[in-house]
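Remember, predicted model here, so these are calculated numbers, not experimental data. In what follows, chains carry the letters A, B, and so on, assigned in the order in which the sequence lines appear, proteins first and then strands, with residues in each chain numbered from 1.
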Amino acid sequence: MSFFSNEIIGWYSENGRSLPWRETKDPYRIWLSEIILQQTRVSQGLPYYEKFIKHYPDLNGFANAEETDILKLWQGLGYYSRARNMHKCARLVQRDFGGFFPSTYAQLLQLPGIGPYTAAAIASFAFEESVAVVDGNVIRLVSRYLGIQEPVNKGATLRSINTYVQEEIQGFKPDLFNQAIMEMGSQICTPKLTKCDSCVLAMNCQAKKEGLVNRIPFKSTRTKVSQKYFNYYLSQNQDQLSLVHRNSKGIWQNLYEFPMEESVNSKVESNATLIGTFQHQLSHQRIEAKLWKVNKIPSRLSQNKGIFEVALGEIGSAYPTHQLMNKMIKAWQEQLTK
DNA sequence: GATACGTGGTG
DNA sequence: TCACCAAGTAT
C-alpha cells in the first residue's frame, strides 16, 4: 500500500477541478489540450481549447484545414511550433492511422510535437496505459517530497524522478494517478506560497522536514536573454498594407508581419516617421521594435521579393500575426483616431 | 546536453 | 523593474 499514491488520489477525488478535457476520453481532445497546455497556464489555454473545439470538433476537420488557419486560431498563444507540429501530426494520423490516434506510449512518442510528457498523458488519459507523466508539476512535487537537492534540469535527476513515479503508479488507475499528481503540484505544491498546511503528503515530505520547500526544486542557471533591435516599415497605398511571410528559422516562423530589418543598435531613420517604439520581452530575447511610416518600403530589405499587399481587415481575419505585430497595429490605429 | 522557442502572470 | 515560471519539444 503506497502512502503517496493513495493520498494524492484520495485528495484529487475530493478536490480536483472540473476541466473540459477531463470529461472526455476522446484522444483528439486530450491531444489538443495537452499541446495547448505545454508551458502554458490553464487560464491562458482554456479559451484556445474552446475555440479549437468549436472550429474543429474532430481530427479530420483539423487535418483538412490549412496550416495558416491553425496558426490564425493559435495566434497569441506563443510557441508557434506547437501549432505547426499539430497540423503535421493531424495529417500524419489521418494518413497513416485512418484518423485514429495510435494507442501506445511508444507509438505516440513518434508523432510530431509529442514528447515524453505528452505521449504519457495521452496514453494514460485516453487509453489507460500505466505510464507516469513527468511535467513541471511532478518534478516540483516529487523533488520536494523526496528532498532532492540536485539540479532538476539534469538528466540523471529527471530519470530518478521518473523512476519514482513509474513505481508509484503501479496498481492504480493511471489516468487518475496522473491527474492527481499534476493537480497536487499545480494547486498545493505550488512554486511559491506553497500550501503545505493543506497538503496530504506533508507528514512524509522531506523538504518540509528539512525546511527546504522554498529551495527545492533547485535549477542550475539558465541562459540569459539577448537584446535585439527590429525596424518595421509601414507602407500604405489606398487601404493596402505591405506584409511579408516569415519563412526564416527562429521566432514566429510562418507568421506574417510588416517588412522588417534588424539593426545592431537602436536605429534612427531620416526618411521615415516614427510611429512608435515597442519593448517586447520573450523568454530568450528582449526586442526593441521601432515602427516607421514610409511612403515606400526601402529597396535594400532582403525580404523585398516576398512583399505583398493586403487590407488591414484581411490581416485581422486571415493572417496569423504575433503579439508584437498586434501591439504595433493597435498603437498605429489609436494614433489615427486622435 | 544545451539552447531556442512566446506569452502573460506573480511576488 | 525584474526574475521566475506554466501540463515541453525539437534540434
Exercise for review: Please check if the side chain of A:Asn153 supplies one atom and the backbone of A:Lys219 the other of a donor-acceptor pair under 3.5 Å.
Suggested key: no
Point to revise | Exam field: side chain A:Lys72 to backbone A:Gly316, donor-acceptor pair closer than 3.5 Å | key: yes
Review point. How far apart are the C-alpha atoms of A:Glu309 and A:Ser242, what are their side-chain angles, what is the distance that settles it, and do they pass the side chain to side chain donor-acceptor pair (under 3.5 Å) test?
Key: CA-CA 5 Å; A:Glu309 310 293 317; A:Ser242 295; 3.1 Å; yes
Practice item. Could you tell me whether A:Arg84 and A:Glu67 make a salt bridge, using a distance below 4.0 angstrom between a side-chain N and a carboxylate O? Key: no
Revision key, fill the gap. Rounded to whole Å, the CZ-P distance (A:Arg82 to C:dG8) equals 9 Å
Check your understanding: Under 4.0 angstrom, heavy atoms only, what part of the nucleic acid is A:Ile251 near: base, sugar-phosphate, or nothing?
Key -> sugar-phosphate
Review point. Are any side-chain N or O atoms of A:Thr190 and backbone N or O atoms of A:Ser186, one a donor and one an acceptor, separated by less than 3.5 Å?
Key: no
Check your understanding: Counting side-chain heavy atoms from CB outward, which of B:dT7, C:dT9, C:dG8 is closest to A:Pro116?
Key -> C:dT9
**Study point:** Near-ring test A:Tyr232/A:Phe278, centroid separation under 6.0 angstrom
**Key:** no
Review point. Separation of A:Ile287 atom CD1 from B:dC5 atom P, in whole Å?
Key: 9 Å
Check your understanding: To the nearest 0.5 Å, what is the distance between CD1 (A:Ile36) and CG (A:Leu46)?
Key -> 9.0 Å
Check your understanding: Quick one: A:Met182 CE to C:dC5 P, roughly how many Å, whole number?
Key -> 19 Å
Review point. How long is the line joining CD of A:Gln110 and C1' of C:dT9, in whole Å?
Key: 14 Å
Review point. Looking across every strand, which nucleic acid part, if any, lies under 4.0 Å from A:Ile114 by heavy atom: base, sugar-phosphate, or nothing?
Key: sugar-phosphate
Point to revise | 5′-ward residue of the pair A:His284/A:Lys154 relative to DNA chain B | key: A:Lys154
Check your understanding: Between A:Arg82 and A:Thr40, is a side chain to side chain donor-acceptor pair (under 3.5 Å) present by the stated rule, with each step listed?
Key -> CA-CA 12 Å; A:Arg82 290 183 291 174; A:Thr40 304; 3.1 Å; yes
Review point. Got a sec? Which of residues 117-131 of chain A come in under 4.0 Å of DNA chain C, heavy atoms?
Key: A:Tyr117, A:Thr118
Practice item. Respond yes when some side-chain nitrogen or oxygen of A:Trp252 is under 4.0 Å from OP1 or OP2 of B:dA4, and no when none is. Key: no
Review point. If you measure from the P atom in C:dT9 to the same atom in B:dG8, how many Å do you get, rounded?
Key: 22 Å
Check your understanding: So, is A:Tyr80 close to the B:dT7 phosphate, meaning a side-chain N or O under 4.0 Å from OP1 or OP2?
Key -> yes
Check your understanding: Any Lys/Arg nitrogen of A:Glu334 or A:Lys330 sitting under 4.0 Å from an Asp/Glu carboxylate oxygen of the other?
Key -> yes
Close N or O pairs between protein and nucleotides 8-11 of chain B (under 3.5 Å):
unit_1: B:dG8; atom_1: OP1; unit_2: A:Gln323; atom_2: NE2; d: 2.5
unit_1: B:dG8; atom_1: N2; unit_2: A:Arg41; atom_2: NH1; d: 2.5

Revision key, fill the gap. When A:Arg286 and A:Val42 are each assigned the nearest nucleotide of DNA chain C, the 5'-most assignment goes to A:Arg286
Exercise for review: Measure from the side-chain heavy atoms of A:Lys219 and tell me the nearest of B:dG6, C:dG8, C:dC5.
Suggested key: C:dC5
**Study point:** Atom-pair distance (CD1 on A:Ile35; P on B:dG6), nearest Å
**Key:** 15 Å
Study note, to complete from the structure: Atom CZ of A:Arg84 and atom P of C:dT11 are separated, to the nearest Å, by 10 Å
**Study point:** Span that lies between the P atom of B:dC5 and that of C:dC2, in whole angstrom
**Key:** 22 Å
Check your understanding: What is the nucleic acid contact for A:Gly250, judged by heavy atoms within less than 4.0 Å: base, sugar-phosphate only, or nothing?
Key -> sugar-phosphate
Check your understanding: Can you tell me how far C1' of C:dT9 sits from CG of A:Asp135, to the nearest Å?
Key -> 14 Å
Revision key, fill the gap. note: A:Leu111, atom CG; C:dT9, atom P; distance rounded to Å ~ 12 Å
Point to revise | Touch class at under 4.0 angstrom, heavy-atom based, for A:Trp74 against every strand present | key: nothing
Exercise for review: Could you tell me the separation between the OH atom of A:Tyr256 and the CG atom of A:Leu241, rounded to the nearest 0.5 Å?
Suggested key: 15.0 Å
